[in-house]
Amino acid sequence: MPDQPLPIILDCDPGHDDAIAIVVAARHTDVVGITTVAGNAPLSATTRNAIIMRDLLGMSAPVHSGADRPFIRPPRHAEYVHGKSGMDGADLPEPSGPPASTDAVGYIIETCRAQEGIWLVPTGPLTNIALALRAAPDLADRIAGISLMGGGTFGNTTAAAEFNLWCDPEAADVVFSYGGPLIMAGLDLTHQFQALPPRIEMIRSLPGRLADVLAGLLDFFSGTYRSRHHGIGGAAVHDPCAVMALTHPDLFSRRPAHVEIETQGHRTAGMTVIDQRDLKEVPEANCDWLTHIQADAAWDVVVESVQHFSH
Ligand code: RIB
Ligand code: CA
């Protein structure tokens, strides 16, 4: 684990698993700010949910809302997984107020220019991150890197594409070609990290409202996963993997890879084309591809993070 908490901006679309990512980030990183994007639910819902989680954790980080739709394509959401609110399944408090601004992209640019060495941790569609990189190319040399949840060797929204990248393939193409440090937690990794019933009980057994809320969210999230998948044990808890890749790197195996984003395919748009050929002609790696997670140890990190805020 790094000596000092790493400064991050968490760009998210809460989202049940985004909520878990916020908890782990609050515990193990210096969350400089939270930015929201449309994805699992419309922007108003993901922003409301991010503020609720920020409040429940007593965080001081500002929440700034961002893109309410992808670069080019129409907005697409995942109510069938996360419910209408984006975080169905729990008795949530009302948010303490509106977002600090509706200019997440400007916030990301200003903050990363004022403080070098920030990690951008996107766990939703990459629209905000791509817009910031396009508007301020100097960010590529100012940020520490990008650790994202998205992509992988198979899809969940189509046979080829994972939801975050499927929503906005053009934005993903900008991010994967930005040239700086990039960590990819794709579905081949995150499906190793499931909210199995005994794991949810570890959270439910903790005192206080936060544990109740998170257990309710994970019950709902796992219910939708079991209703849609053959034989899955619980919901794949995708988004905290992008955070723990930075805070607990020893829990992961990773390999450098050259990854390109399909943006043209009728059936494959949003696909991460991971070049696994053993050929000298393969282009230089542009990301660290996370391939394995020590799931029990990683879940202990999640539980300890919840416990830290539970009283
Ligand atoms: O495909 C999984 C990803 O899409 C996760 O980040 C989930 O929260 C949704 O945003
Ligand atoms: Ca997400």
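Counting starts at 1 for both ligands and their atoms, following the listed order. We count residues from 1, following the sequence as given.
The 12-atom threshold is not exceeded at CZ of Arg134, counting heavy atoms of other residues, nucleotides or ligands nearer than 6.0 Å. No more than 12 heavy-atom neighbours from other residues, nucleotides or ligands sit within 6.0 angstrom of CZ on Arg267.
Looking at Asp188 and Trp289, their side chains do bring a donor and an acceptor atom within 3.5 Å of each other. Thr46 and Asn49 form no side-chain donor-acceptor contact under 3.5 Å, judged by distance and modelled atom types alone. Side chains of Ser96 and Asp55: a donor-acceptor N/O pair is present below 3.5 angstrom, by distance only.
Of all protein heavy atoms, the one lying nearest to atom 10 (O) of ligand 1 is Asn164 OD1, 2.8 Å. When only non-hydrogen protein atoms are considered, atom 6 (O) of ligand 1 lies nearest to Asp239 OD1, 2.6 Å. Protein heavy atom at the shortest distance from atom 9 (C) of ligand 1 is Asn40 OD1, 3.0 Å. Protein heavy atom at the shortest distance from atom 1 (O) of ligand 1 is Glu162 OE2, 2.6 Å.
Angle OD1 (Asp18) to the Ca ion (ligand 2) to OD1 (Asp13): 80°, rounded to 10°.
Of the residues Thr35, Thr36, Thr102, the one that meets the side-chain hydrogen bond (donor to acceptor under 3.5 Å, both in side chains) test with Thr47 is Thr36.
Checking Thr123 against the Ca ion (ligand 2), an N/O/S atom falls under the 3.0 Å cut-off.
A donor-acceptor pair is defined here as one N or O able to donate and one able to accept, closer than 3.5 Å; such a pair exists between the side chain of Asp18 and the backbone of Asp13.
At a 4.0 Å heavy-atom cut-off, ligand 1 does not touch Thr157 at all. By the criterion of a heavy-atom distance under 4.0 Å, neither the backbone nor the side chain of Thr190 is placed next to ligand 1.
Asp239 contributes atom OD2 as its closest N/O/S atom to the Ca ion (ligand 2).
Taking each heavy atom of Ala195 and Ser222 in turn, the nearest pair found is O-OG, 3.3 Å.
Taking distance alone, with nitrogen or oxygen atoms compared against 3.5 Å, Asp17 approaches ligand 1 more closely than that limit.
If you number the atoms of ligand 1 from 1 as listed, the ones under 4.0 Å from a heavy atom of Met149 come out as 2 (C), 3 (C), 5 (C), 6 (O). Every atom of ligand 1 with a heavy atom of Asp18 under 4.0 Å away is listed here by number and element: 8 (O).
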